[in-house]
Structures are given as structure tokens and as C-alpha cells.
Amino acid sequence: MIDFHCHVDLYPDPEAVVIQVRERDVDVLAVTTTPRAWEGTRILVSKAPRIKVALGLHPELVAERHVEVELLCSAIAEAKYLGEIGLDGSPPHRHSLDLQTRVFNRILQVCATHGGRIMTVHSRGASSLVLDALESHPKSGTAVLHWFSGTRRELNRAIALGCWFSVGPVMLRGAKGRSLVAEMPHERVLTETDGPFAQTGTCPLMPWDVNQATVHLSQLWNISIPDTNVIVENNFKKLLIS
Ligand code: MN
């Protein structure tokens with residue numbers, strides 16, 4: 001199982017989550033929302049080799065924490081994975097889109113100077129703006145668009161730009177999410193939970209709940225669950241050596 005976008009440090013008891021991940025068959029990309037959290041999360045997961053940590057500055061925090069962009073950029077040399085980064089154009093965050101765009105472009109530019117990075121990218125309410133930024137930084141690396149919610153046209157543009165996608169149980173429960181996922185190239189799809197923000201009922205999704213996404217994917221792709229796992233795991237391996 002692969003959970004390619006999970007906020008491991010933000011569960012009520014992160015140490016317990018790390019222990020359970022170690023006991024279960026799951027690879028996790030632990031995304032962070034600030035560069036300071038990246039440092040702490042690396043220590044948190046230091047005994048769990050299947051949890052990788054991504055260096056991030058969440059677009060929802062950029063308005064108040066944009067000064068941390070320089071701290072983030074200075075850490076990019078050491079970070080193989082970036083995220084959560086991107087843009088949020090939803091009503092509570094739309095006012096800071098100009099600042100978010102400057103910050104995101106700066107991060108992409110520094111990734112490019114380091115030869116590119118694997119990036120997990122947020123694009124809620126700002127899909128076209130995210131794609132504009134990625135298009136203007138073609139050497140920034142591989143963008144994995146997490147929980148993509150744009151239009152069909154934006155999806156096709158993302159595919160043409162070489163983007164990958166990570167899809168989770170909540171996205172796959174909705175008709176719009178399912179119709180987008182159905183159009184994604186199988187060889188560029190990974191699974192995610194976005195826990196603890198994404199929930200089932202009132203329970204945050206745990207990294208191993210990513211198997212719910214696999215079940216949905218197997219139905220969409222009309223193949224068995226083991227075959228679905230093979231595809232997603234091969235995609236993950238291919239991305240990591242890219
Ligand atoms: Mn997230």
C-alpha cells in the first residue's frame with residue numbers, strides 16, 4: 001500500500017501512527033505544512049524507513065508564514081521530496097493568491113536549480129494557476145497533483161504537462177472525483193489519504209485506510225485489487241527512481 005500524501009505529524013498521537021505504519025505494509029510520504037515541521041517530522045519518523053518526509057509550506061499558511069519561504073528554499077538541497085506546496089484559490093484563501101503565486105514560483109525555481117524534485121502539489125480552486133506555474137518551470141521536477149479537482153480540460157492540460165496524480169478515498173467517493181480519475185493515465189496514478197484532514201464520518205483517515213482508495217480504483221479500472229496494487233506500487237517505484 002502507498003499513501004503518497006499524509007500529514008503524519010498532525011495526528012493527535014503521531015508516535016502511535018508511526019509505530020502502526022511500521023507494523024503494516026504501507027509506504028508513506030509524510031507531507032509537512034511548514035519547513036520547521038519538516039525538521040521535526042524527520043526526527044519523528046527516523047526509525048521508520050518506509051516513511052519519507054516532504055518539505056512543505058502549505059498554501060493556506062502562506063499569507064501568515066510567507067517569510068518561511070527562504071528557510072524552505074535553503075533546505076531544498078537536502079530534500080528529495082517537496083510538499084505540501086501549491087496554490088489555494090478557495091474563498092478563505094483567494095485574497096492571498098498573488099503572494100501564494102510568488103512563493104510557489106520561487107519554490108519551483110529553486111527546485112529547478114537543484115535538478116528538480118518530486119513534489120506533492122495542492123491546487124484547490126487554482127488548477128489553471130498551478131499549471132501555469134508548473135509550465136513556466138519545466139525543470140522543477142515531477143509534480144504529483146494531490147486531490148485534483150479541476151475541470152476535464154485542466155486535467156488534460158495537466159496530463160500533457162507530465163503531471164502525476166494522487167487520489168484518495170474521499171475523492172473517489174464522489175462522482176466528479178471518480179470521473180476525473182477515470183481519465184488519468186494509470187501509469188501516473190498513486191494513492192493517498194490526506195489524513196488526518198480527510199475523514200470518514202468523524203474519524204480521520206489513517207495511512208493504511210489508503211486501501212479504500214485501492215478498492216475504488218480497482219472498480220474504476222475494472223481489474224482485481226491485487227492487480228491494482230501492482231500498478232500503484234510499480235508507479236511508486238518508477239517515480240522514486242525518476
Ligand atoms: Mn494535505
Side-chain angles (χ1 to χ4, degrees), residues 1-12 14 17-18 21 26-38 40-42 44-45 51-65 68-69 72 79-94 96-97 100 103-104 107-108 117-127 129-130 133-134 142-150 158 163-174 177 180-181 189-200 202-210 212-213 236 239:
M1 288 190 283
I2 316 289
D3 182 355
F4 203 73
H5 184 112
C6 182
H7 298 266
V8 174
D9 60 322
L10 298 182
Y11 287 95
V17 176
V18 171
V21 165
V26 49
D27 288 280
V28 177
L29 183 64
V31 298
T32 55
T33 53
T34 72
R36 294 192 202 287
W38 178 68
T41 306
R42 287 207 296 175
L44 172 72
V45 309
I51 306 181
K52 302 175 192 325
V53 185
L55 168 68
L57 181 55
H58 198 295
E60 292 175 6
L61 299 180
V62 162
E64 51 184 277
R65 305 187 71 146
E68 292 186 37
V69 70
L72 179 139
K80 181 168 181 189
Y81 309 94
L82 267 284
E84 174 158 7
I85 56 173
L87 300 175
D88 191 301
S90 65
H93 303 288
R94 200 172 283 163
S96 65
L97 260 177
Q100 292 181 48
V103 164
F104 186 43
I107 295 169
L108 293 174
R117 290 291 183 265
I118 295 167
M119 306 174 286
T120 172
V121 177
H122 175 111
S123 59
R124 180 171 56 205
S127 302
L129 290 174
V130 163
L134 293 172
T142 305
V144 182
L145 299 178
H146 118 83
W147 200 331
F148 182 80
S149 57
C163 295
W164 288 50
F165 305 91
S166 58
V167 303
V170 180
M171 176 181 185
L172 282 156
R173 276 205 292 270
L180 287 169
V181 176
V189 171
L190 297 169
T191 45
E192 67 165 43
T193 60
D194 202 16
F197 294 123
Q199 305 192 328
T200 37
T202 55
C203 291
L205 288 171
M206 305 305 287
W208 45 93
D209 291 328
V210 81
Q212 298 170 21
F236 177 69
L239 181 65

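Note that these values count all heavy atoms, side chains included, but never hydrogens, waters or copies made by symmetry. Both counts, for ligands and for their atoms, begin at 1 and track the order of listing.
Identified under the salt bridge (Lys or Arg N to Asp or Glu O under 4.0 Å) test for residues 2-11, with sequence neighbours left out: none.
Screening His58, His93, His122 against Asp88 for a side chain to side chain donor-acceptor pair (under 3.5 Å) leaves a single residue, His122.
Distance check: Tyr11 OH to Leu205 CG gives 7.0 Å after rounding to the nearest 0.5 Å. Rounding to the nearest 0.5 Å gives a distance of 10.5 Å between OG1 of Thr41 and NE2 of His7.
Judged by distance alone, the side chains of His5 and Ser166 never bring a donor and an acceptor atom under 3.5 Å apart.
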Test log, rule side-chain contact (heavy atoms from CB on, under 4.5 Å), inputs Leu87 and Leu97: CA-CA 7 Å; Leu87 300 175; Leu97 260 177; 4.2 Å; yes
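Around the Mn ion (ligand 1), protein N, O or S atoms at less than 2.8 Å comprise His5 NE2, His7 NE2, Glu84 OE1, Asp194 OD1.
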